[in-house]
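Inspection log for the structure reproduced underneath, given as structure tokens.
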Amino acid sequence: MIELKMLREDPDTIRAALKKRGVELDLDTVIEMDRTRRASMTEIQELKSRRNELSEKVGTLKRKGEEPEELMKEARLLTESIKKKEEDQRELERKFEDLVKWLPNIPHDSVPVGTGPEANRFVRGDRTPPQPEFEVLPHWEICEALDILDLKRATKIAGSRFVLYKGMGALLERALINFFLDLHTTQHGYTEIFPPVLNPVECLYGTGQIPKLESDMYRCRDDALYLTPTAEVPLTNMHREEILLAKDLPKRYVAYTPCFRREAGSYGKEVRGITRVHQFNKVELVKYATPEEGYAEFEKMLSDAEAAVRALELPYRVTLLCSGDMTFASAITYDIEVYAPGMKEWLEVSSISCYEQYQARRANIRYRKSGKGTDFVYTMNGSGLATPRTFIAIVENYQTKDGRIRIPDALKRYMGVDSIGR
RNA sequence: GGAGAGGUGGCCGAGUGGUCGAAGGCACCCGCUUGCUAAGCGGCUUCUCGUCGAAAGACGGGACGGGAGUUCGAAUCUCCCCCUCUCCGCCA
């Protein structure tokens with residue numbers, strides 16, 4: 001949620017933000033709607049003020065033993081007309097909210113303006129991919145040869161675009177999850193959470209998946225619950241409707257969860273292998289911070305995620321997403337991509353976003369400022385990391401000419417072997 | 001699934017239908033004091049929305065799990081829903 005004050009005092013900033021993002025939206029209608037609802041609110045408040053006055057008088061008189069029939073009648077009539085007006089008011093508020101919830105966050109000043117990936121800015125890392133001295137097999141071929149993925153049977157038991165890891169493949173997947181969790185809890189100061197992966201609609205609204213991405217989520221038929229699309233949802237909603245103490249901030253959480261996405265509309269792209277699947281594993285980082293320290297914590301989060309890629313010694317690059325490429329709740333987003341030499345592609349393994357106060361306003365997450373008053377916290381999250389693509393990167397980058405897969409040093413103690421194959 | 005108890009401020013916890021936005025405590029913040037790992041004394045602080053204002057603020061509305069109702073007036077009475085706890089049953 002954007003700040004409503006901005007709608008009245010600085011609509012041009014919102015207009016500029018919409019333009020940067022390429023969002024078509026009639027802001028004037030929203031502004032007009034806001035004016036109408038506030039006028040109606042003021043009117044109701046005046047009536048109530050009058051009624052309270054009357055009630056107080058009635059109370060005083062009654063205690064003296066009088067029956068002020070006239071006053072009571074007037075108050076009764078007032079209550080009736082208030083009720084009518086309040087019904088209309090509710091309708092106005094509902095319409096207004098339906099408009100406001102579609103307003104995206106204001107992009108940070110450093111975000112490059114553009115509509116597609118070509119406008120994203122290289123930040124650091126490998127500019128050009130490494131050139132292996134032999135023809136690296138794409139992961140689906142080497143994994144089939146080594147019998148560590150079984151995509152045919154995954155389809156049989158779940159459907160297309162699901163993954164079944166097998167034998168050393170399953171072990172590698174599990175090793176990655178454990179390695180990421182250990183890294184962030186022991187080296188970077190995050191508290192581990194193991195949350196439920198079914199979430200009610202309020203939570204999805206709070207983080208901003210609803211309304212925009214509703215069709216991309218799996219919904220339960222008999223219960224008002226959605227399968228979590230990312231641990232960002234449970235972790236950021238942990239403190240929904242709370243007032244935190246400044247001394248408890250920043251809060252840093254890390255969680256492993258499976259993530260579920262329908263990927264509606266993405267068929268036809270990335271059909272081979274496991275780059276885009278309906279269920280995948282991810283270790284997610286979430287922080288709550290004060291506005292003052294928000295961006296410092298955000299940069300630290302980026303380097304925490306980067307540390308995971310570095311520890312695995314994978315070729316990677318960090319990019320700053322342009323305005324048109326960010327999700328609608330985000331103020332700024334970095335992507336970390338690793339290179340997959342078999343697919344000859346850069347794959348996104350982490351997306352690190354700062355929402356500033358956007359999510360906090362939606363989810364009503366505040367903190368008490370030292371001394372007086374409250375303010376909304378900054379929330380941010382980042383993958384640290386998502387496994388399917390990290391799995392791909394390992395299988396392709398650590399492939400040997402004779403068809404084995406070496407195990408990165410960082411994972412050896414989790415795997416107990418030096419390589420997969422023979 | 002059955003029975004009972006309960007949901008009040010940042011936290012704990014009082015609260016006869018009208019001076020209750022709410023006692024008391026903790027915590028916080030601000031003073032003062034004290035020579036020793038902190039304590040004592042005094043004071044302050046609920047949140048939210050609207051109107052006016054450059055601001056400080058002033059005035060007003062609302063909020064005691066959520067919703068509806070009774071009433072001139074509801075934290076307090078009635079109904080529905082949600083959640084928590086205890087006991088019983090069932091069970092991975």
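All chains are named by letter (A, B, ...) in the order of the sequence lines, taking the proteins before the strands, and each is independently numbered beginning at 1.
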Discussion item. Holding to side chain to side chain donor-acceptor pair (under 3.5 Å), I want the full list of residues that pass it with A/Lys212, two or more places apart in sequence or in another chain.
Written reply: none

Practice prompt. With sequence neighbours left out, write down each residue that passes side chain to side chain contact (heavy atoms under 4.5 Å, CB included) with A/Thr36, or none if nothing qualifies.
Written response: A/Glu32, A/Leu92

Worksheet item: ring-ring contact (aromatic ring centres under 6.0 Å, His included) with A/Tyr256: which residues, sequence neighbours excluded?
Response: none

Worksheet item: Heavy atom of residues 189-203 of chain A under 4.0 Å from RNA chain B: which residues?
Response: none

Worksheet entry | Partner residues of A/Glu313 under the side chain to side chain contact (heavy atoms under 4.5 Å, CB included) criterion, sequence neighbours left out | A/Tyr398, A/Asp409

Worksheet item: Quick one: is A/Arg50 getting a side-chain N or O under 4.0 Å of the B/G61 phosphate, OP1 or OP2?
Response: no

Response to the item:
Taken in chain and number order and not counting sequence neighbours, the residues that satisfy ring-ring contact (aromatic ring centres under 6.0 Å, His included) with A/His239 are A/Tyr253, A/Tyr288

Worksheet entry | Contacts of type side chain to side chain donor-acceptor pair (under 3.5 Å), residue A/Lys287, not counting sequence neighbours | A/Glu297

Item to complete: Using the P atoms only, state how far B/A63 lies from B/G69, rounded to an integer number of Å.
Response: 14 Å

Could you write out each protein N or O paired with an N or O of nucleotides 69-73 of chain B at a distance under 3.5 Å?
unit_1, atom_1, unit_2, atom_2, d
B/C72, OP1, A/Arg76, NH1, 2.8
B/C72, O2', A/Ser55, OG, 3.1
B/C72, N4, A/Lys62, NZ, 3.3
B/G73, OP1, A/Thr79, OG1, 3.2
B/G73, O4', A/Ser55, OG, 3.2

Response to the item:
For A/Gln279, the side chain to side chain donor-acceptor pair (under 3.5 Å) test, sequence neighbours excluded, returns none

Worksheet entry | Ring-face cation of A/Arg362 near A/Tyr205 (centre distance under 6.0 Å, axis angle within 45°) | yes

Item to complete: Can you tell me which residue pairs pass the ring-ring contact (aromatic ring centres under 6.0 Å, His included) test with a partner in residues 83-112 of chain A, sequence neighbours excluded?
Response: A/His108-A/Tyr295

Discussion item. Please give the distance between the C1' atoms of B/U70 and B/U78 as a whole number of Å.
Written reply: 7 Å

Polar-atom pairs under 3.5 Å, protein N or O versus N or O of nucleotides 48-54 of chain B: list them with distances, or write none.
unit_1, atom_1, unit_2, atom_2, d
B/U48, OP1, A/Arg366, NH1, 3.1
B/U48, OP1, A/Thr374, OG1, 2.7
B/G50, OP1, A/Arg8, NH1, 3.4
B/G50, OP1, A/Arg8, NH2, 3.0
B/G50, O2', A/Thr42, OG1, 2.9
B/U51, OP1, A/Arg38, NH1, 2.8

Response to the item:
Those stems involving RNA chain B that have three or more consecutive Watson-Crick or G-U pairs, both distances under 3.5 Å, are B:1-7 with B:82-88, B:10-12 with B:24-26, B:29-32 with B:40-43, B:46-52 with B:57-63, B:65-69 with B:77-81

